[in-house]
Amino acid sequence: MLPRRLPAVNIPHLWRKPVLSRLQQEIEKGLAAAIVRRFGIQPPAVDASLPPDTTLGDLAFPICLQLARILKKSPREIAGALKEDVAALPGVTRVEVAGAGYLNVFLDRVVVLRSLLADPGGPPALADEGKIIVEHTNINPNKAAHIGHLRNAILGDTLVRALRYLGRQVEVQNYIDDTGVQVADLVVGFENLDVPAPAVVAREHEHFDSFCWDLYARVTALYKEQPELKARRGEVLHRMEEGGNATADLATDLAARIVRHHLATMARLDIGYDLLPRESDILRLKFWARAFKLLRARGAVQRIDTGKNAGCWVMDLADDPEFADIADTQKVLVRSNGTVTYTGKDIAYQLWKFGLLGCDFRYRRHEDDSPGRPLWVTTSDRGENHAPSFGAGHRVYNVIDSRQAYPQKVVTKGLASLGFTAEAGRSHHFAYEMVALTLDCAKELGMDLTDEDRARPYLEMSGRRGLGVKADDLMDLLVERAASEVLKRHPEMDRKELDGIARTLAVGALRYFMLRFTRNRVIAFDFDEVLSFEGETGPYALYSVVRATNILRKVAESGGPRLSDLPALAEQWLTTETPQPPAGEWTLARECGRLGDVVAESVEKCEMAGIARHVFTLAQTFSTFYHRFPVLTAADETTRQRRILLVDLFRRTMLRALDLMGVQVPARM
RNA sequence: GCGCCCGUAGCUCAGGGGAUAGAGCGAGGGAUUCCUAAUCCCUAGGUCGCAGGUUCGAUUCCUGCCGGGCGUACCA
């Protein structure tokens with residue numbers, strides 16, 4: 001569904017890059033100028049790369065390999081001619097011609113280290129762009145959240161954190177589809193299956209959402225036995241859209257109850273929102289009517305009189321090359337029975353997100369908000385007077401799995417066909433592949449599988465079949481697992497601390513797991529993998545920071561500088577004549593210096609796996625450092641101080657990097 | 001049918017026009033009077049799905065095949 005690379009989410013020019021890349025940029029410019037001077041040609045893009053290891057240099061330029069053809073000279077000869085010019089650039093201590101003709105640059109490590117210590121993990125500063133709206137989570141409020149929803153929420157929340165780190169103003173929205181077919185199914189379930197009223201269920205079951213998970217699967221089975229119930233579902237849907245009747249009230253109540261559970265589930269992972277826009281309000285406040293009018297005025301929708309779409313209002317996509325692949329070029333926005341499809345409502349919603357609809361929701365505080373994190377929900381009743389202003393964003397990310405790429409394209413096309421081409425260009429479908437279940441996993445869940453199922457590489461989760469791993473169940477498993485690991489190492493630990501650490505480790509394990517896969521890869525979910533705390537996992541990363549923290553604690557305990565003294569120590573060190581740090585230590589510093597670039601690149605590519613990977617690389621680099629270089633018992637005071645500062649640089653960088661992933665660091669584990 | 005995604009070590013995955021293709025798990029071997037062994041070090045393991053093309057150079061770009069997944073709804 002996606003182009004191979006997303007259309008570049010263009011980040012307006014970085015006017016201040018992190019220290020490493022800033023230096024790198026200067027050298028790229030200087031090298032380009034030298035090429036013009038020596039050879040009288042304008043070179044292609046001069047880009048630095050990283051040499052395989054730091055003993056070869058800190059930056060490597062392959063440009064001479066490309067110039068060889070143009071200049072008809074050997075790459076090494078060209079590199080040799082440029083070597084002195086590059087060596088004279090500020091921040092460069094040495095240049096070597098290596099391999100086939102690489103120009104390898106050694107940086108002044110002390111200069112770099114000084115800047116890093118002054119601002120560890122600092123982001124590149126970006127030109128202000130205005131509000132960015134990120135929509136994620138968006139779970140149908142008719143059942144418990146499952147691990148597929150977790151991938152969505154974790155990707156979305158990480159994107160939000162990355163954007164905020166880059167200095168963006170972000171508004172997080174979690175759209176509540178409370179008038180959709182799936183909620184109607186649940187209403188049919190409560191009406192026709194032998195279950196207590198919702199209020200009673202809520203009293204008797206701690207997990208109302210989990211109860212509905214089962215009920216939803218039972219309704220699906222019931223439709224097979226009593227097909228006439230499907231007509232009832234249609235009626236229910238109609239009544240829900242009308243509002244102001246008992247059926248609609250039941251639906252609203254059910255959706256609200258389940259949303260509260262979803263919010264609680266996500267809160268366990270430190271995922272929150274600013275606004276819950278409700279679909280019912282889009283209807284009640286006539287958002288669709290308004291969007292529909294605009295679309296008709298532009299001739300962007302047509303009423304169809306004949307054929308299978310007779311009686312519907314559709315958007316015709318035939319003339320658009322983007323949709324050349326679609327067999328049926330008409331996308332229905334208004335059904336023949338007069339109700340609006342999700343895509344129709346989504347067009348209205350998207351217009352509102354950009355402030356193009358000319359009308360607004362009313363707002364009230366959600367009952368589950370907290371002083372530190374206000375949460376608002378839309379309403380069509382009287383709103384509160386002091387609500388902040390929502391919507392009217394400059395850029396919009398919709399975090400939605402790639403199975404919905406086609407309707408997302410229709411939404412964007414809707415904007416474009418109304419003449420809002422700039423906004424269409426700033427509408428980003430942040431697409432990712434689904435989470436499926438391995439066959440082993442499905443068996444562990446006790447699912448009975450068909451032969452067809454067993455022939456597949458993995459199974460798509462299905463709410464209708466009740467096939468899936470619930471988010472809360474997985475979290476419970478992770479917390480339990482974490483608690484037992486911590487207890488093994490700290491048998492004396494009190495319950496309260498243990499619970500806190502176990503929760504932190506569980507969040508770290510889960511969030512790391514969901515982020516380590518690039519978004520175009522289907523995750524075939526497997527319990528053993530997600531429950532692993534060794535190797536490339538969240539707990540491994542946390543462990544490295546805990547160790548760093550321990551070193552610094554022991555430094556303080558042995559009469560050395562305390563955490564609060566370290567800035568002063570860095571300051572003092574900054575002004576002292578210092579030898580260049582050796583390669584093994586420098587590698588750690590260099591990795592720390594890359595965070596800002598890594599995040600900027602991750603946002604540009606909408607690829608949050610880059611952040612996870614970098615966190616792992618940082619942890620791994622530190623682990624190597626930890627084993628090779630004693631800090632407390634360093635040979636001399638200069639070395640000891642430098643290492644203390646390096647450990648602190650690592651610690652502070654990791655705190656920021658892990659915070660981007662929504663993970664806190666425990667004091668011990 | 002058409003479109004999109006995936007195919008890299010036994011398994012799970014990174015990477016990406018150029019320096020010996022990387023990591024984790026698993027397998028084998030080693031390290032703990034020393035800052036937590038949730039760690040570290042070493043070894044084995046790869047015609048980067050297949051075939052063409054572009055290029056000084058392709059695992060990476062292009063084309064065509066093969067295998068798998070998803071989409072192509074008056075569900076979302």
Side-chain angles (χ1 to χ4, degrees), chain A residues 1-4 49 51-52 56 60 62 65-66 68-69 75 98-102 104 138 140 177 180-182 185 308-314 322-343 346 400-407 431 433-434 436 456-458 460 464 482 485-486 488-490 505 516-524 526 528-529 532-537 539-544 546-555 558 609-610 612-613 616-617 619-620 623-624 626-634 643 647 668-669:
Chain A
M1 289 305 129
L2 281 178
R4 191 170 168 76
S49 61
L56 288 169
L65 295 153
Q66 294 156 39
R69 185 168 6 162
Y102 285 91
N104 285 357
N138 302 5
N140 257 306
D177 182 9
V181 174
Q182 296 203 23
D185 283 326
K308 72 184 186 84
N309 290 335
C312 299
W313 284 87
V314 305
E322 269 243 72
F323 295 93
D325 51 310
I326 305 291
D328 182 353
T329 60
Q330 294 179 345
K331 178 64 193 172
V332 172
L333 299 185
V334 181
R335 301 181 184 103
S336 53
N337 70 1
T339 57
V340 187
T341 62
Y342 182 91
T343 305
D346 212 11
I400 300 174
D401 85 66
S402 50
R403 287 171 294 189
Q404 294 187 46
Y406 166 56
E433 285 287 344
M434 64 178 165
R456 295 178 154 273
Y458 45 72
E460 196 170 346
R464 296 191 172 276
E485 289 298 322
V486 176
K488 262 193 230 167
R489 294 162 177 86
H490 308 280
L505 291 178
R516 53 178 270 239
F517 302 91
T518 47
R519 64 191 166 82
N520 277 338
R521 190 173 289 277
V522 174
I523 298 180
D526 177 85
D528 288 341
E529 270 183 31
S532 163
F533 288 0
E534 288 168 17
E536 195 191 335
T537 67
Y540 171 87
L542 289 171
Y543 185 61
S544 71
V546 167
R547 283 177 142 186
T549 311
N550 276 346
I551 292 175
L552 297 177
R553 200 191 64 238
K554 296 219 167 176
V555 164
S558 64
R613 190 145 279 280
F616 177 65
T617 304
Q620 215 175 22
S623 292
T624 304
Y626 181 93
H627 279 270
R628 281 179 56 191
F629 305 109
V631 177
L632 292 173
T633 58
R643 288 184 187 162
V647 171
R668 50 184 183 150
M669 62 185 273

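On a predicted model such as this, the values are computed, not experimentally measured, just so you know. First the proteins, then the strands, lettered A, B, ... as listed; each starts at 1. Just so you know, these numbers use all the heavy atoms, side chains as well, and skip hydrogens, waters and symmetry mates.
Taking atom P on both rA19(B) and rA58(B), the two are 12 Å apart, rounded to the nearest angstrom. rC61(B) sits 11 Å from rG7(B) when the P atoms are compared, rounded to a whole Å. Between rG57(B) and rG52(B), the two P atoms lie 16 Å apart (nearest whole Å). Taking the P atom of each, rC41(B) and rG24(B) are spaced 8 Å apart, rounded to whole Å. Taking atom P on both rC62(B) and rU55(B), the two are 16 Å apart, rounded to the nearest angstrom. The same atom, P, is picked in rA37(B) and in rG68(B); the two are 48 Å apart, to the nearest Å. Across rA14(B) and rC5(B), the matching P atoms stand 15 Å from one another, rounded to whole Å. Across the C1' atoms, rC65(B) and rG46(B) are found 23 Å apart, a figure rounded to whole Å.
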Can you name the atoms? Protein N/O to nucleotides 12-14 of chain B N/O, anything below 3.5 Å, with the distance.
residue: rC13(B); atom: O3'; partner: Arg521(A); partner atom: NE; Å: 3.1
residue: rA14(B); atom: OP1; partner: Thr518(A); partner atom: N; Å: 2.8
residue: rA14(B); atom: OP1; partner: Thr518(A); partner atom: OG1; Å: 2.2
residue: rA14(B); atom: OP1; partner: Arg521(A); partner atom: NE; Å: 3.3
residue: rA14(B); atom: OP2; partner: Arg521(A); partner atom: NE; Å: 2.5
residue: rA14(B); atom: OP2; partner: Arg521(A); partner atom: NH2; Å: 2.6
residue: rA14(B); atom: O2'; partner: Arg613(A); partner atom: NE; Å: 2.7
residue: rA14(B); atom: O2'; partner: Arg613(A); partner atom: NH1; Å: 3.3

Quick one: which protein N/O atoms are closer than 3.5 Å to N/O atoms of nucleotides 34-38 of chain B? Pair and distance per line, please.
residue: rC35(B); atom: N3; partner: Val631(A); partner atom: N; Å: 3.2
residue: rC35(B); atom: N4; partner: Tyr626(A); partner atom: O; Å: 2.5
residue: rC35(B); atom: N4; partner: Phe629(A); partner atom: O; Å: 2.8
residue: rU36(B); atom: OP1; partner: Asn550(A); partner atom: ND2; Å: 3.2
residue: rU36(B); atom: O2'; partner: Tyr543(A); partner atom: OH; Å: 2.2
residue: rU36(B); atom: N3; partner: Met669(A); partner atom: O; Å: 2.8
residue: rU36(B); atom: O4; partner: Met669(A); partner atom: N; Å: 2.7
residue: rU36(B); atom: O4; partner: Met669(A); partner atom: O; Å: 3.2
residue: rA37(B); atom: OP2; partner: Arg547(A); partner atom: NH2; Å: 2.2
residue: rA38(B); atom: OP1; partner: Tyr543(A); partner atom: OH; Å: 3.3
residue: rA38(B); atom: OP2; partner: Arg489(A); partner atom: NE; Å: 3.1
residue: rA38(B); atom: OP2; partner: Arg489(A); partner atom: NH2; Å: 2.8
residue: rA38(B); atom: O4'; partner: Arg489(A); partner atom: NH2; Å: 3.1
residue: rA38(B); atom: N9; partner: Arg489(A); partner atom: NH2; Å: 3.4
residue: rA38(B); atom: N7; partner: Arg489(A); partner atom: NE; Å: 2.9

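The CE atom of Met434(A) sits 15 Å away from the P atom of rC5(B) (whole-angstrom rounding). Gln404(A) places its CD atom 10 Å from the P atom of rU72(B), with the value rounded to the nearest Å. Going from atom OH of Tyr406(A) over to atom C1' of rC2(B) covers 13 Å, rounded to whole Å. Protein atom CD of Gln620(A) is 13 Å distant from nucleotide atom C1' of rC25(B), rounded to whole Å.
Minimum heavy-atom separation, His490(A) to Met669(A): NE2-O, 2.8 Å. When every heavy atom of Pro630(A) is checked against every heavy atom of Arg643(A), the shortest pair comes out as O-NH1, 2.7 Å. In plain terms, the two heavy atoms of Asp177(A) and Gly180(A) that are nearest each other are OD1-N, 3.3 Å. Taking each heavy atom of Cys312(A) and Ser336(A) in turn, the nearest pair found is SG-N, 3.5 Å. Of all heavy-atom pairs spanning Ser532(A) and Thr537(A), the tightest one is O-CG2, 3.3 Å.
Under the Watson-Crick or G-U wobble criterion, with both distances below 3.5 Å, rA23(B) is paired with rU12(B). Remark: rG71(B) base-pairs with rC2(B); criterion is Watson-Crick or G-U wobble with both hydrogen-bond distances under 3.5 Å. With a cut-off of 3.5 Å on both pairing distances, rC35(B) has no Watson-Crick or G-U wobble partner at all. If you check rG45(B) for Watson-Crick or wobble pairing at under 3.5 angstrom, you find it has no partner at all. Nucleotide rG17(B) forms a pair with no other nucleotide shown, judged by Watson-Crick or G-U wobble geometry with both contacts under 3.5 Å. Within the shown strands, rC66(B) is the pairing partner of rG7(B) under the Watson-Crick or G-U definition, both distances less than 3.5 Å. Pairing of rU55(B), defined by two Watson-Crick or G-U wobble distances under 3.5 Å, is not identified with any nucleotide.
RNA chain B is contacted by both Tyr342(A) and Pro52(A); Pro52(A) maps to the nucleotide lying nearer its 5′ end (nearest heavy atom per residue).
Each of Val631(A), Thr549(A), Val555(A) was checked for a side-chain contact (heavy atoms from CB on, under 4.5 Å) with Val647(A), and the lone residue meeting it is Val631(A).
In this model, no donor atom of one side chain and acceptor atom of the other lie less than 3.5 Å apart for Arg547(A) and Asn550(A).
For Ser623(A), counting side-chain heavy atoms from C-beta on, the closest listed nucleotide (rC40(B), rC70(B), rA76(B)) is rC40(B).
In this structure, Lys488(A) reaches neither bases nor backbone, as no heavy-atom distance under 4.0 Å exists between it and the strands shown. Ala60(A) comes within contact range of at least one nucleobase, with a heavy-atom separation under 4.0 Å. The residue Ala98(A) sits close to a base: some heavy atom pair falls under 4.0 Å. Heavy atoms of Asp528(A) sit nowhere under 4.0 angstrom from any nucleic acid atom. Using a 4.0 Å heavy-atom cutoff across all strands shown, Asp401(A) reaches no nucleic acid atom at all.
The distance between the ring centers of Phe533(A) and Tyr540(A) does not fall below 6.0 angstrom.
Interface remark: the Asn309(A) side chain does not form any donor-acceptor pair with the rA73(B) base, using a distance-only criterion of under 3.5 Å.
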Pair Glu433(A), Asn520(A) - check side-chain hydrogen bond (donor to acceptor under 3.5 Å, both in side chains), show working. CA-CA 5 Å; Glu433(A) 285 287 344; Asn520(A) 277 338; over 6 Å; no
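Under the 4.5 Å side-chain criterion, counting only non-hydrogen atoms from C-beta, Lys331(A) is not in contact with Val314(A).
Side-chain N/O atoms of Gln66(A) include none lying less than 4.0 angstrom from OP1 or OP2 on rG57(B).
Note that CH2 of Trp313(A) is 10.5 Å distant from CG of Leu333(A), once rounded to the nearest 0.5 Å.
Residues passing the side-chain hydrogen bond (donor to acceptor under 3.5 Å, both in side chains) test with Thr518(A): none are found, sequence neighbours excluded.
For rA19(B), the base is stacked against the aromatic ring of Tyr102(A), per a cut-off of 5.5 Å between centres and 30° between planes.
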